Protein chains: 2
Amino acid sequence: MQIDTILMNNPVYDQSELYLRHISIDNVILGYHNKELKVLLQRPQGFNKWLLPGGYLKRTETLIDAAERIAKERTNLDNLFLKQFGAFGSPDRTKDSDFTPQKLSDISDIIIDDKHWMFDYFVSICFYTLTDFEKVQPNGDAYMEECVWWSVDNIPPMLYDHKDMINSALKTLRLHLYHYPIGYELLPKKFTLPEIHSLYETILNKELDIRNFGKKLIATGIIKKLDEKKKIGAHRSPYLYMFDDNQYKDALNKGIAIIL
Amino acid sequence: MQIDTILMNNPVYDQSELYLRHISIDNVILGYHNKELKVLLQRPQGFNKWLLPGGYLKRTETLIDAAERIAKERTNLDNLFLKQFGAFGSPDRTKDSDFTPQKLSDISDIIIDDKHWMFDYFVSICFYTLTDFEKVQPNGDAYMEECVWWSVDNIPPMLYDHKDMINSALKTLRLHLYHYPIGYELLPKKFTLPEIHSLYETILNKELDIRNFGKKLIATGIIKKLDEKKKIGAHRSPYLYMFDDNQYKDALNKGIAIIL
DNA sequence: TATTATAGCGTAATATTAACGGAATGATAC
DNA sequence: GTATCATTCCGTTAATATTACGCTATAATA
């Protein structure tokens, strides 16, 4: 740690604040539905660009605590899978011609100027979160006009650098797919081989031979076949599978090599 | 972004500071020498625990700017390879029974108490940096008694959570080894196959058959054989190799799969 | 010129991955 | 009942990649 003399001689610091300045947490909340990867986005009152669910860091929280709190506020779910994938910071990243102090003042009837802390330099610590689409109940807050799922293949105009964050999250997720068992949180507890196969194809955006895919995934030991089948209408019923909790946790900790 | 009403109504913000509060940058600077991976550490005046080279974020800098500046201060080198590997933050991570405000006051003859900003909540954005050991001139600053290389296999007692940061950096480096061409910055411009082989063995901490290793690395196209040999004394002279700049940059951007 | 330690080349055995044919299943239509 | 159809699921072979390891070449020294 390098100690700057100017700062060193200024011992005054106001600890009364609930949140820390300069730090925000943004969350790329992902779900899987209809063979599409979805991301949960929100649109602030009176604006037509979108934001990732985000918030600030409380003095009493760790980074992951904050990310969990933020994810819970938008999804109503606990015990989510969260993974930090990067920190974004530059002097101008909180400048956006479509989200200015002036516009915000007009809408909110609070006077907000360029010097307001909200438009100060913020470093955003980013997480991606995997959720079970069916269980998520998207809800915004008083400041948000909408909070809904968007397909990652069709992202609306985003404020700030939030589009970059989504791309970075997806890149990290694709990398993790080869080293960690992904799917536990994105799928229902019991799922079929074709279902998890579709999920992987969707995330990687490429075709995978389902016969070989099944063999390889079963060979890792992280999923196990059940003695049940799923009714899917006028076709042969596929077997149901579920993750083997022990093997799954193990693979998550140690990391595995999954060659698809 | 979630807007808290309490904060929203407090538009006052002092922009006179040079650095941002609550944010620090820490740097795991790595070098390779004598078949050992080394990390550059510094020990503050009057303390017997060590710190990673670190510093604060200036209002005018991006995160990577700050990390570069900090790396340059300690190594005297420009154009280093820097990679962000994580942000660390929790309410108590800047508490360490061996580095208290009291002790620091005693040593520095400035009065520093618990409320001093230095002991406030800090989120540290961490980078690892790859350097050419021979070119680095380690130097601390007025607050540091020592700034020297340590083998990563023999890390001295560290302050705060800096040991965790080193471990996390190494874990990330090992992962990157399989996806990006690593070695460009850690080795001299021209190097032999046995040299880069030793480097990879050292980083991964496992034996790799040199005959197969050579074939695989050459097959990727990122290194090319020169018409020169290196004199190594009483033995057969090995050929020199160097990275192919174009292929290297390409591989760094797109990522490759290196199976060792 | 023999010795020694290291570099470098080639190849056979083995394992892994990719490609794909075809049977089984569960409902529906006739 | 039986034919039809989309889908699941099992298995086999061919192609490819990886691993293991023997052998030769080289550079200095004794």
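Note that this is a predicted model, so its numbers are computed, not measured. Naming: A, B, ... by sequence-line order, numbering from 1 per chain.
Each of B/Arg211 and B/Ile232 was assigned the nucleotide of DNA chain D with the nearest heavy atom; the assignment lying further toward the 5' end belongs to B/Arg211. Mapping A/Ser237 and B/Leu240 onto DNA chain C via the closest heavy atom, the residue that lands nearer the 5' end is B/Leu240. Between A/Lys215 and A/Ala234, the one whose closest nucleotide on DNA chain D sits nearer the 5' end is A/Ala234.
As rounded to whole Å, 16 Å separates atom C1' of C/dG10 from atom CD1 of B/Ile210. Between the NZ atom of A/Lys230 and the P atom of D/dC9 there is a distance of 12 Å, given to the nearest Å. Atom-to-atom, CD1 of B/Ile259 to P of C/dT17 comes out at 9 Å; the value is rounded to the nearest Å. Distance A/Asp209 CG to D/dC10 C1': 13 Å, rounded to the nearest Å. Protein atom OH of A/Tyr241 is 6 Å distant from nucleotide atom P of D/dC9, rounded to whole Å. In this structure, the NZ atom of A/Lys216 is 18 Å from the P atom of C/dA15, given to the nearest Å. Across the protein-nucleic acid pair, B/Glu195 atom CD and C/dG8 atom P stand 11 Å apart, rounded to whole Å. Atom pair A/Glu207:CD and C/dA19:P shows a separation of 11 Å (rounding to whole Å applied).
Out of D/dA27, D/dC9, D/dA28, the shortest distance to the side chain of B/Lys229 is found at D/dA27. Here the side chain of B/His235 is nearest to one of D/dC9, C/dT6, D/dA6, namely C/dT6. Picking from C/dC20, C/dG8, C/dG26 the nucleotide with the shortest atom distance to the side chain of A/Asn212 gives C/dC20.
Close placement of the B/Phe243 and B/Phe191 rings is indicated, their centers lying within 6.0 Å of each other. For B/Phe213 and B/Tyr200, the gap between ring centers is short of 6.0 Å.
Under 3.5 Å, the side chain of A/Arg236 and the base of D/dT7 form no donor-acceptor pair of N or O atoms.
By the 4.5 Å heavy-atom criterion applied to side chains, A/Ile222 and A/Asp244 are not counted as neighbours.
Electrostatic pairing of B/Lys35 and B/Glu201 does not count as a salt bridge here, judged by no charged N lying under 4.0 Å from a carboxylate O. Taking 4.0 Å as the cut-off between side-chain N and carboxylate O, A/Asp141 and A/Arg74 count as a salt-bridged pair.
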